Amino acid sequence: MLLYSTNNHKNKVSLKEAVLNAFPPDRGLYLPARIPKLNDNFIASLKDHSFQEISFEICRALFQSYIPDESIRDIVYKAITFPAPVIKLDEHISTLELFHGPTMAFKDFGARFMAGLMSYFLKDEDRETTILVATSGDTGGAVASGFYDVEGINVIILYPSGKISPLQEKQLTTWGKNIQAIEVAGVFDDCQRLVKEAFLDEDLRDRYTFSSANSINIARLIPQSFYYFEAFKQLSDYKDVVFSVPSGNFGNITAGYIARLMGLPVSYFIASVNNNTTFYEYMKTGVYRARPSVPTLSNAMDVGDPSNFPRLLQLTGSTWNLMKEHIKSYHFSDNQTRIAIKDIYEKYNYIPDPHGAVGFLACQQNLLNDQKHHVFLETAHPAKFSETVEETLGLEITLPEKLRAFITKEKNALQCSSHYSNFKKLLMNL
């Protein structure tokens with residue numbers, strides 16, 4: 001399997017190189033040089049296959065014999081150990097629940113798969129790898145869980161101070177051992193920028209062997225394609241399906257589009273965003289203008305310069321007009337998000353998290369013009385945002401045991417400004 005950089009299609013590397021180094025020297029992002037289409041008979045018979053079997057077939061097609069089948073099966077079957085159920089709300093809207101993993105967020109799929117794939121590639125390497133990752137909420141906890149105590153891998157997680165929920169913070173700052181959290185005085189985009197600069201810093205590369213667990217790493221995107229197939233399997237009563245994806249860094253919707261290119265008959269996607277409207281405005285004007293992110297209730301989507309935009313642009317045909325054929329976008333305010341949380345609960349007796357509520361709003365808006373069946377992604381358990389949800393609904397959410405275990409643990413995080421020189425000094429002294 002070969003992958004190319006979005007900044008230079010001639011710059012091709014192996015899957016191992018793309019996974020372990022993650023970030024091309026030319027500042028692009030890796031994409032598969034060939035995205036194979038799965039057999040039509042396999043797509044038609046998804047209901048006859050387990051989630052793990054579907055995931056295995058996707059990997060086997062993508063990897064093109066680069067990894068032996070038995071090793072792929074071992075990685076997949078150890079990573080995909082929890083379901084992704086579709087819950088039907090009414091004849092027009094369903095939700096895909098992606099929060100049944102160990103940290104109760106969709107990032108568990110990518111983090112666990114990546115940990116297994118990296119361990120496979122590093123098993124014969126006489127070196128330690130340092131995972132450097134920025135999080136806007138759930139990535140940090142999922143990566144910490146997936147890589148905790150994995151031999152030969154250390155993890156450094158950057159998160160924006162005061163911009164994630166208290167429970168999310170506990171999920172990424174209480175592990176110890178090979179997991180180190182760094183609290184950055186800034187926003188998520190600052191954390192993301194620090195990670196990218198560190199990857200290209202020769203001084204640090206002499207000291208560390210870096211890789212990334214953000215969605216800039218192709219090993220994060222591949223497993224996120226799995227659950228689109230799993231969802232479609234459960235929606236066999238509907239011929240035409242639209243996925244509404246709460247979008248921040250755009251890894252989730254990029255993975256969905258890869259699934260579409262592999263043969264999943266999705267009508268199109270909706271990029272549902274909050275007050276961080278960079279992508280929404282691009283879809284309206286054709287002009288991409290990054291800007292500082294603003295804090296919202298749906299904090300995992302608080303991204304002003306989505307990293308995966310270059311990937312999505314190339315996958316959809318490299319032009320604004322072609323992208324508009326396959327993707328729509330709507331944006332919603334915090335007030336609209338609160339109203340949606342209440343509306344969903346009162347109408348369907350279902351409690352969404354703020355991100356899912358944004359996805360639901362986009363379904364409602366789009367259904368005014370298109371009566372296809374819409375599925376919004378529920379990316380995290382609502383208890384992870386209990387302050388917002390409880391205040392909105394006037395009720396107390398029972399905290400699942402998976403989350404309750406973090407409450408009493410002690411936070412342990414290093415402090416850092418958003419200036420790269422300070423961050424580099426901190427890393428050099430670790």
Side-chain angles (χ1 to χ4, degrees), residues 3-12 24 26-38 43 62 189 215-216 218 221 224-225 228 232 238-291 293 301 303-332 358-359 361-377:
L3 300 97
Y4 68 88
S5 168
T6 53
N7 281 348
N8 182 357
H9 288 212
K10 294 181 180 179
N11 179 15
K12 294 181 180 179
D26 62 14
R27 295 176 178 258
L29 294 171
Y30 287 121
L31 274 174
R34 174 176 173 266
I35 298 178
K37 190 171 182 180
L38 293 171
I43 300 294
L62 279 171
D189 296 299
S215 55
I216 62 173
I218 193 66
L221 292 188
Q224 287 177 223
S225 70
Y228 287 96
F232 199 85
Y238 301 99
K239 182 179 180 181
D240 295 312
V241 176
V242 176
F243 283 101
S244 173
V245 186
S247 299
N249 228 4
F250 279 71
N252 217 353
I253 198 168
T254 300
Y257 202 82
I258 289 173
R260 188 177 189 274
L261 291 174
M262 293 188 74
L264 192 67
V266 179
S267 292
Y268 55 89
F269 296 88
I270 302 173
S272 315
V273 301
N274 55 28
N275 281 336
N276 292 277
T277 58
T278 298
F279 184 80
Y280 168 80
E281 291 179 13
Y282 169 78
M283 295 300 287
K284 284 180 67 70
T285 66
V287 178
Y288 184 86
R289 184 174 66 87
R291 77 287 307 273
S293 61
M301 298 154 62
V303 182
D305 186 11
S307 283
N308 284 287
F309 175 78
R311 276 183 173 137
L312 192 59
L313 184 63
Q314 293 202 14
L315 290 171
T316 55
S318 298
T319 71
W320 174 55
N321 286 325
L322 287 173
M323 183 179 280
K324 288 198 300 178
E325 292 181 11
H326 309 294
I327 298 174
K328 296 184 179 183
S329 187
Y330 301 100
H331 78 96
F332 303 96
V358 173
L361 284 165
C363 292
Q364 277 194 323
Q365 184 71 28
N366 201 61
L367 278 164
L368 297 175
N369 300 308
D370 190 341
Q371 292 295 300
K372 294 181 176 68
H373 194 76
H374 286 54
V375 182
F376 68 92
L377 275 56

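What you are looking at is a predicted structure, and each value in this text was computed from that prediction instead of being measured.
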Query raised in the report: Say you draw a straight line from CD of Gln364 to CZ of Phe376; how long is it, rounded to the nearest 0.5 Å?
Result: 9.5 Å
Report task. Can you establish whether the number of heavy atoms outside Arg27 located under 6.0 Å from its atom CZ is more than 12? Result -> no
Report task. Taking the six-membered ring for Trp and the full ring for Phe, Tyr or His, determine whether the centres of Phe309 and Tyr288 are under 6.0 Å apart. Result -> yes
Query raised in the report: Between CG of Asn276 and CE of Met301, what distance do you get to the nearest 0.5 Å?
Result: 8.5 Å
Report task. Assess the side chains of Arg289 and Thr278: does a donor N or O sit below 3.5 Å from an acceptor N or O? Result -> no
Query - Distance-only side-chain donor-acceptor flag, Thr277 / Glu281, under 3.5 Å - result: yes
Query raised in the report: Testing Leu315, Leu264, Leu312 for side-chain contact (heavy atoms from CB on, under 4.5 Å) with Ile258, which one passes?
Result: Leu315
Query raised in the report: What is the distance from atom OH of Tyr330 to atom OG of Ser244, rounded to the nearest 0.5 Å?
Result: 9.5 Å
Requested in this report: Please determine which of Tyr228, Tyr257, Tyr238, Phe232 meets the ring-ring contact (aromatic ring centres under 6.0 Å, His included) test together with Phe243.
Outcome: Tyr228
Query raised in the report: With distance as the sole criterion, is a donor-acceptor pair present between the side chains of Asn308 and Ser215 under 3.5 Å?
Result: yes
Query raised in the report: Angle class for the Tyr282/Trp320 ring planes (parallel below 30°, perpendicular above 60°, tilted otherwise)?
Result: perpendicular
Report task. Say whether Asn366 and Tyr268, considering side chains only, have a donor N or O and an acceptor N or O under 3.5 Å apart. Result -> yes
Requested in this report: State whether a side-chain donor-acceptor pair under 3.5 Å links Gln314 with Tyr4.
Outcome: yes
Query raised in the report: Among Leu377, Val358, Leu361, which residue meets the side-chain contact (heavy atoms from CB on, under 4.5 Å) test with Ser272?
Result: Val358
